[in-house]
2 protein chains.
Amino acid sequence: MSIKSDNRHLYLQVIDRLKQDIEKGLYKEKEKLPSEFDLAKQLGVSRATLREALRILEEENVIIRRHGVGTFVNAKPMFTSGIEQLNSVTDMIKQAGMKPGTIFLSSSTQAPTEEDIRRFSCSTSEEIFIMERVRTANGEPVVYCIDKVPERILPKTFSHEEESIFQILDEGANRRITYAVAQIEPLGYHEKISPILECDPETALLVLKQMHFDEMDEPVLFSVNYFKADKFSFHVLRKRI
Amino acid sequence: MSIKSDNRHLYLQVIDRLKQDIEKGLYKEKEKLPSEFDLAKQLGVSRATLREALRILEEENVIIRRHGVGTFVNAKPMFTSGIEQLNSVTDMIKQAGMKPGTIFLSSSTQAPTEEDIRRFSCSTSEEIFIMERVRTANGEPVVYCIDKVPERILPKTFSHEEESIFQILDEGANRRITYAVAQIEPLGYHEKISPILECDPETALLVLKQMHFDEMDEPVLFSVNYFKADKFSFHVLRKRI
DNA sequence: TTTTCCTAAGACATCAGACATCTGATATCT
DNA sequence: AGATATCAGATGTCTGATGTCTTAGGAAAA
């Protein structure tokens, strides 16, 4: 257990604990959990608190509860790592079991465009840091990245050598990116980018234009990523209302 | 209020009621809700039940709660109708304020391919109904659709004139589609489909390959949709864990 | 013996009330 | 005036009890 005392709300700790236990296989698929009464006693929390946690796990489809019967693990290996899950490109490549790399192309600070001003709701005098890179997986180019960050947010000193902007913002600027709104667009051929990614003319690109926000809902990073469609696969779980 | 007695769990009714009230403007943006004690009394439920509802609304970012302070409406008009929300193509076109239409191309019943057998986990003897259509918005072709449904699921009599397969399955077969897993792929040019959709060679297509499931988690419909990228816009809210 | 019906146990759903802790405002002391 | 103490009100958590649903098993009927 980590040293840091867990100041988060109890119900969140219970959620994490239960997810861990399911992950560890302590409760197996379709298996019945202990009754709420027993489970609350085991975890050392009240039944009310436990129930708040269970309610959310139910909403997330991790468990299912049947009135008068019990609570069961629902461990469909559920569509993990779909596009709804936000990860840095670095992490995406790692998760595919490949070694991420970076080819640095250029960086500069520029005056914001009108779009930038809208996006970051910043003043015209604030400068925007722009960086272009090619990301590689096992040495092969797979993503073309354009990243824009308002200069004031960046730490004074940072090197382009860093792989992950997420990490720079997290550790250097203490701004944890928590979510992003992604626009999805197909792109048949781009005369500059396709050759860089070593694409045949018939290999299409998938473009993700993303505005990233931190915990305070402040926009901190805008990025445009061009993915080689044959190297990446995106899927979404779509729910009907 | 509808006649049907609401047999659903209380906390769900509370959620709906609160969402309605926020929608109606009874509680305005950033406004403080009554205290849990008062609100529970107003709604005629216990505080524990109310809190389960509030917890979920909090998780959905509809409200935010601050310990010792209160509960507040968070009515950012939140990125609605992103791709996470499952709608039929018919509905998508309607929601864009345009008139949906259909050009029927072909239909047939065929023996299942190996993929079909895996997808629907059906036997080799079951026939699969396949239909190809072009969907139009205000008369202009915008989506090319291929739909596959196991024949046994379809109602005996149905006409191709129906616009929405969702509706056929819902009303005719009593199978409500509740979610789908969508694969997202870009496509630069398709020699058969691009001309049908009247695409320039440089206009790319976005392909959604979707497996639809009903309430019982049974696969009922597989569809491949080719969207004209310049007529449709897709976005996703991506959350970091 | 077989079928039907009843009942009791166990589980989730909901309730009522209390205490704990946090926050913000006000009052008080220096 | 500024720092500190106090207080009211809100959310967080706990306790114990009752309501309702499901299931299994036994009793009664066929």
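Within every chain, numbering begins at 1; the chains are lettered A, B, ... in the order of the sequence lines, protein sequences first and strands thereafter. Atom set for the values below is all heavy atoms of this structure, side chains included, hydrogens, waters and symmetry mates excluded.
Remark: Ser46(B) is not in phosphate contact with dT14(C), judged by side-chain N or O atoms under 4.0 Å from OP1 or OP2. Within the structure, a side-chain polar atom (N or O) of Thr49(B) is placed less than 4.0 Å from OP1 or OP2 of dC15(C). Considering only side-chain N and O atoms, Thr71(B) lies under 4.0 angstrom from the phosphate OP1 or OP2 of dT11(D).
Candidate nucleotides dT11(D), dA13(C), dT22(D) were compared by shortest atom distance to the side chain of Glu36(A), and dA13(C) ranks first. When distances are taken from the side chain of Ala48(B) to each of dC15(C), dT13(D), dT23(D), the shortest belongs to dC15(C). For Val69(B), counting side-chain heavy atoms from C-beta on, the closest listed nucleotide (dT13(D), dT23(D), dT23(C)) is dT23(C).
If Arg47(A) and Gly68(A) are placed on DNA chain D by their nearest nucleotide, the residue sitting closer to the 5' end is Arg47(A).
Residues Lys19(B) and Asp16(B) are not paired through a salt bridge, judged by the lack of any N-O separation under 4.0 Å between the basic side chain and the carboxylate. A salt bridge is absent between Lys148(A) and Glu115(A); no separation between the charged side-chain nitrogens and carboxylate oxygens falls under 4.0 Å.
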Given the rule in the side chain to side chain contact (heavy atoms under 4.5 Å, CB included) test, do Arg65(A) and Arg55(A) qualify, once you have shown the distances and angles that lead to the verdict?
CA-CA 9 Å; Arg65(A) 308 162 89 183; Arg55(A) 190 60 84 199; 3.1 Å; yes

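In this structure, His67(B) atom NE2 and dT21(C) atom C1' are separated by 5 Å, rounded to whole Å. Put simply, CZ on Arg55(B) is 8 Å from C1' on dG12(D), counting in whole angstrom units. Atoms CZ (Arg65(A)) and C1' (dC21(D)) sit 14 Å apart, rounded to a whole Å. Rounded to a whole Å, the OH atom of Tyr11(A) is 9 Å from the P atom of dT13(D). Atom CZ in Arg8(A) sits about 17 Å away from atom C1' in dT13(D), given to the nearest Å. Following rounding to the nearest Å, Lys32(B) (NZ) and dT11(D) (C1') show an atom-to-atom distance of 10 Å. Rounded to an integer number of Å, the gap from CD of Glu52(A) to P of dC12(C) is 17 Å. For Ile63(A) and dA11(C), the CD1 to C1' distance is 13 Å, given to the nearest whole Å.
Within 6.0 Å of CZ in Arg176(A) there are more than 12 heavy atoms belonging to other residues, nucleotides or ligands. Heavy-atom contacts from other residues, nucleotides or ligands closer than 6.0 Å to CG of Asp38(A) number more than 12.
When heavy atoms are screened at a 4.0 angstrom cut-off, Arg51(A) is found touching base atoms of the nucleic acid.
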